[in-house]
Amino acid sequence: MTPVQFTFSSAFILGLTDLVFHRTHLLSALLCLEGMMLSLYVAFSIWSLSMGSISSSALPLFLLAISACEASAGLALLVATARTHGTDRLQSLNLLML
């Protein structure tokens with residue numbers, strides 16, 4: 001494993017562990033997901049550059065488009081929960097009592 005691969009693998013694992021263990025606010029969970037998607041995007045970009053083929057260069061762009069859609073949906077959910085519940089703390093959200 002090259003140092004570049006190790007760096008992006010550890011960035012993805014760090015975002016995943018932060019998402020699993022520190023789930024206090026919805027905004028921090030969304031930032032962890034964005035960090036994971038960014039590390040995947042950069043890793044796929046480096047992989048497509050090292051492959052040298054044109055056909056593999058569409059995968060990072062597709063992942064970036066999916067990441068932008070995920071970010072906008074997450075922001076809309078954050079605004080909706082902050083308006084309805086008054087906070088973005090995940091422990092105060094009970095979806096069964098709406």
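These numbers were taken from a predicted model, which means no experiment stands behind them. Each residue takes its place number in the sequence, starting with 1. Side chains are part of it too, since the values below use all heavy atoms of this structure and drop only hydrogens, waters and symmetry mates.
- The CG atom of Asp88 sits 8.0 Å away from the OG1 atom of Thr24 when rounded to the nearest 0.5 Å.
- Distance check: Ser28 OG to Leu33 CG gives 10.0 Å after rounding to the nearest 0.5 Å.
- In terms of heavy-atom proximity, Gly15 sits nearest to Cys32 at O-CB, 3.8 Å.
- If you take CG on Leu30 and NE2 on His25, they are separated by 12.5 Å, rounding to the nearest 0.5 Å.
- Criterion: ILVMFWY side-chain heavy atoms under 4.5 Å apart, direct or through other members. Under it, Trp47 and Leu40 are part of a common hydrophobic cluster.
- Shortest non-hydrogen contact noted between Leu78 and Leu27 is CD2-CD1, 3.8 Å.
- Between Glu34 and Ser67, the closest heavy-atom pair is OE1-OG, 3.5 Å.
- The distance from the CZ atom of Phe62 to the CD1 atom of Ile66 is 4.0 Å, given to the nearest 0.5 Å.
- To the nearest 0.5 Å, atom OG1 of residue Thr81 and atom CZ of residue Arg83 are 10.5 Å apart.
- Note that CG of Leu26 and CZ of Arg89 are 12.0 Å apart. Values are rounded to the nearest 0.5 Å.
- Contact between Phe8 and Ala43 at its shortest, heavy atoms only, is CB-CB, 4.2 Å.
- One hydrophobic cluster, built from ILVMFWY side chains closer than 4.5 Å, cannot hold both Val4 and Leu14; they sit in different ones.
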